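Here's the structure we're looking at; comments come further down.
We use all heavy atoms of the structure for the numbers below, so side chains are in, but hydrogens, waters and symmetry mates are not. The structure displayed is predicted, hence computed values, not measured ones. As the structure lists them, so they are numbered: ligands from 1, and atoms in each ligand from 1.
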Amino acid sequence: MLEALQAYRERGYTPFNPPGHRQGRGADPRVLEILGEAVFAADVISVNGLDDRLNRQGVIEEAQQLMAEAVGAEQAFFSTCGSSLSVKSAMLSVAGPHEKLIVPRHVHKSVISGLILSGVSPVWLSPHWDAERHLSHPPGVDEVRELFEAEPEAKGMLLVTPNDYGTCGDIAAIAEVCHEFGKPLIVDEAWGAHLPFHGDLPPWGMDANADVVVTSVHKSGAAVEQSSVFHMQGDLVDPNVLKAREDLLATTSPTSLVYATLDGWRRHMVQHGEGLLTAALALAHSTRAAINDLPGLRVMGEAEFLGEKLAKSLDPLKMVIDLTGLGISGYQAADWLREHQRVTVGLSDHRRVVAQFTHADDHRTAGILLDALGALVKAADEMQTPPPVDLPSPEDLQLETAMLPRDAFFAEVEQVGADQAIGRICAEMVTPYPPGAPAILPGEVITEEVVDYVRSGLNAGMQLPDPADSELKTFRVVARKP
Ligand SMILES: Cc1ncc(COP(=O)(O)O)c(C=O)c1O
C-alpha cells in the first residue's frame with residue numbers, strides 16, 4: 001500500500017475523481033495547519049487512483065494476502081469501519097434472519113447492532129461472572145457444549161476474547177466443541193490485534209483454530225482509528241459469502257490512509273514485532289510492580305482473574321488498576337488524571353481504571369503514568385466519597401428476553417418514566433461505555449435492579465451513550481397494544 005501510494009505520487013496524476021480535496025490542495029489552510037498536508041496526501045481513492053480502473057495491480061489483495069501470511073490465516077480482509085463493522089460482517093456470514101447464533105450476553109454493542117440489523121436470533125450464553133469484583137470473563141467450554149446440545153440448530157457461535165479488561169477465554173477448547181458440532185467459531189478479538197506477534201501473549205484465534213477472527217488494529221496496533229481486519233480459515237465459512245455480506249455494510253470509498261497504516265503495521269510487526277513486544281512486556285511487568293508499590297493501588301492479575309469459572313489467560317499489557325484502597329471510583333480517577341496530569345486511560349468503572357500498554361510505550365511514558373498515579377494517590381484523600389453504584393448480582397443482570405432485539409427495536413415505542421418502565425419490554429440499548437456491553441437490550445424485560453444499576457451508575461459518572469433520554473428519567477419501551 002505504501003509503495004502504491006509512493007508510485008501514485010511519483011507518477012504525478014491529476015485527479016478529476018474523488019477525493020475532492022485533491023491531495024490537500026482544496027483543504028482550508030486552517031485545517032492543514034492542524035492536520036498537516038501528509039494526511040490528505042495519504043488519502044487516495046483505490047479504484048482509478050492507487051490502482052487502475054479494474055484494480056488490475058491487485059494492490060489491496062496483495063496487502064491483504066501479506067496480512068494473512070503474517071498472522072497465519074488463510075485469508076484476511078481489511079475494513080475501514082472498525083471491528084464494529086467487521087464483527088457484523090462475520091456474524092452475517094454465519095447466520096441470516098431468524099437463524100440462531102450462540103452469543104455471550106456480555107458482547108460489545110456492535111454485535112447487538114448486528115443482531116438488530118440482521119434479525120439473527122441470539123441464543124444467549126452466560127459469561128463467567130466474577131460477582132465479587134463485578135466483571136465478566138469469556139464463557140467456558142462446558143457452557144458452550146451444553147448450549148450446542150440444547151440448540152442444535154444454532155448456526156455457530158461468537159466469542160469475545162480478550163475483553164476490555166484483557167482477560168481471555170479458552171479459544172482452542174471452544175473451537176474444538178464448535179467443530180465437533182460442525183459449527184464455525186467467530187472470535188471478536190478487537191482487543192487482540194497484537195497477539196499473533198509474540199509467543200508470551202495469550203493464544204490468538206487463528207492459532208487456536210477459530211474460523212473467523214476480527215481484530216481492531218487501532219486498539220493495540222499502530223494503524224489509525226477505524227482500522228480493522230477480519231481473518232478466516234477452514235471451510236465452515238465461505239469467503240465469498242463473507243465478502244458479499246461485508247459488502248452490504250462497508251463503504252465503497254475506503255481510505256488509503258487506513259489501508260496504508262494497516263499494511264505498514266503488518267510489515268513492522270513481521271520484521272520487528274517480537275523485539276518490540278518483548279520490550280513492551282518487560283516494561284508492563286516492571287510498571288505493574290511499581291504501581292503495586294503505591295499505597296492504595298493494586299494492578300489486578302492472575303490471582304484475581306484466572307481460575308476455572310473465571311478466565312483462562314490474560315493480556316499482561318493491560319494494567320487493570322483497582323482503586324478500592326483509595327476509596328475513589330474509576331470515573332473520578334480517570335477524570336482527575338486527565339484534568340490534572342494530562343494522562344488519559346481506557347476503561348473506567350466503579351472501582352477501576354485500565355491503562356493499556358502497546359509496543360509504542362517506553363520508560364518515559366511508563367514514568368509519566370507512575371508519577372500521575374503517585375499524584376492521584378496523594379490527591380485521593382481530598383476527593384469526595386463517590387456516589388454508590390447499585391451493582392446487581394450476575395443473576396439480576398440476566399434479563400428475560402421477550403422479543404427478538406430487531407422486533408423490539410423497530411416496534412412502536414413509547415417513552416415512559418423509570419418506575420413505569422419496570423416490567424416493560426425495552427426498545428433501546430442501555431450501555432455502560434466502556435466496556436460497551438449493554439446492560440439492557442431491545443427485547444429484554446426491564447427490572448428494578450437493572451434500572452437502579454444504570455441510574456446509580458449515571459449518577460456516579462458512568463457513561464451511557466445510547467438511551468434516548470440521556471438522564472435516564474425515562475426509558476424507551478415497546479408500546480402496549482391498545
Ligand atoms: C469487544 C469489542 N468488540 C468490538 C468493538 C468495536 O471495535 P471498533 O472500535 O474497532 O469498531 C469493541 C470496541 O471497543 C470492543 O471492545
Side-chain angles (χ1 to χ4, degrees), residues 67 76-92 101 103-117 122 125 127-128 135-139 157-169 171 174 185-195 202 204-205 210 212-231 246 249-251 254-255 257-259 261-262 265 311 314-315 317-318 320 334 344-349 352-356 358 429 431-439 441 462-466:
M67 176 66 87
F77 302 101
F78 293 168
S79 151
T80 59
C81 193
S83 290
S84 299
L85 181 139
S86 308
V87 85
K88 291 185 189 75
S89 314
M91 290 162 66
L92 290 180
L101 185 70
V103 181
R105 179 58 185 79
H106 66 168
V107 283
H108 185 255
K109 58 181 271 190
S110 54
V111 173
I112 307 301
S113 310
L115 295 173
I116 292 172
L117 285 171
L125 171 60
H128 280 172
L135 53 82
S136 64
H137 301 291
M157 87 160 264
L158 185 140
L159 178 71
V160 185
T161 178
N163 62 13
D164 212 339
Y165 295 91
T167 71
C168 306
I171 310 177
I174 291 176
L185 172 66
I186 301 165
V187 182
D188 175 353
E189 220 163 312
W191 286 103
H194 57 305
L195 301 184
W204 95 288
V212 182
V213 179
V214 165
T215 58
S216 290
V217 178
H218 65 94
K219 288 193 195 299
S220 58
V224 294
E225 287 284 287
Q226 296 184 206
S227 56
S228 169
V229 184
F230 41 101
H231 317 75
E246 187 256 356
L249 303 166
T251 176
T255 170
L257 178 62
V258 172
Y259 283 180
T261 57
L262 269 173
W265 176 75
L314 61 92
D315 178 358
L317 296 180
K318 284 263 190 176
V320 182
T344 56
V345 290
L347 182 154
S348 49
D349 68 14
R352 295 166 280 251
V353 289
V354 178
Q356 177 199 5
T358 73
M429 279 194 247
T431 312
Y433 209 102
L441 298 183
M462 182 187 278
Q463 197 208 354
L464 294 131
D466 308 315

Is there a donor-acceptor pair closer than 3.5 Å between any side-chain N or O of Arg105 and the backbone N or O of Pro438?
-> yes

Ligand 1 to Ser216, heavy atom cutoff 4.0 Å, flagged ligand atoms 7 (O), 8 (P), 10 (O)

Relative to atom 12 (C) of ligand 1, which among His108, Lys109, Glu189, Gln226 owns the nearest non-hydrogen atom?
-> His108

Output the list of atoms in ligand 1 that are nearer than 4.0 Å to some heavy atom of Lys219, sorted by atom number.
-> 7 (O), 9 (O), 12 (C), 13 (C), 14 (O)

Taking distance alone, with no angle check, do Asp188 and ligand 1 share an N/O pair under 3.5 Å?
-> yes

Below 4.0 Å from any atom of ligand 1, is there a heavy atom belonging to Glu225?
-> no

Numbered atoms of ligand 1 (with element) below 4.0 Å of Trp191, judged on heavy atoms | 15 (C), 16 (O)

In terms of ring plane angle, is the pair Phe77 and Phe230 parallel, tilted or perpendicular, where the classes change at 30° and 60°?
-> tilted

Taking atom CH2 of Trp191 and atom OG of Ser216, what is their separation to the nearest 0.5 Å?
-> 8.0 Å

For ligand 1, is there an atom lying under 4.0 Å from some heavy atom of Val160?
-> yes

How many angstroms lie between atom SG of Cys168 and atom CH2 of Trp204, to the nearest 0.5 angstrom?
-> 13.5 Å

Provide the closest heavy-atom pair for Ala223 versus Val217 in the form atom of the first, atom of the second, distance.
-> CB-CG1, 3.6 Å

Among protein heavy atoms, which lies nearest atom 8 (P) of ligand 1, and at what distance?
-> Ser83 N, 3.4 Å

Is there any N or O on Asp164 that sits under 3.5 Å from an N or O of ligand 1?
-> no

For the pair Thr261 (side chain) and Val224 (backbone), establish whether a donor and an acceptor sit closer than 3.5 Å, ignoring hydrogens and angles.
-> yes

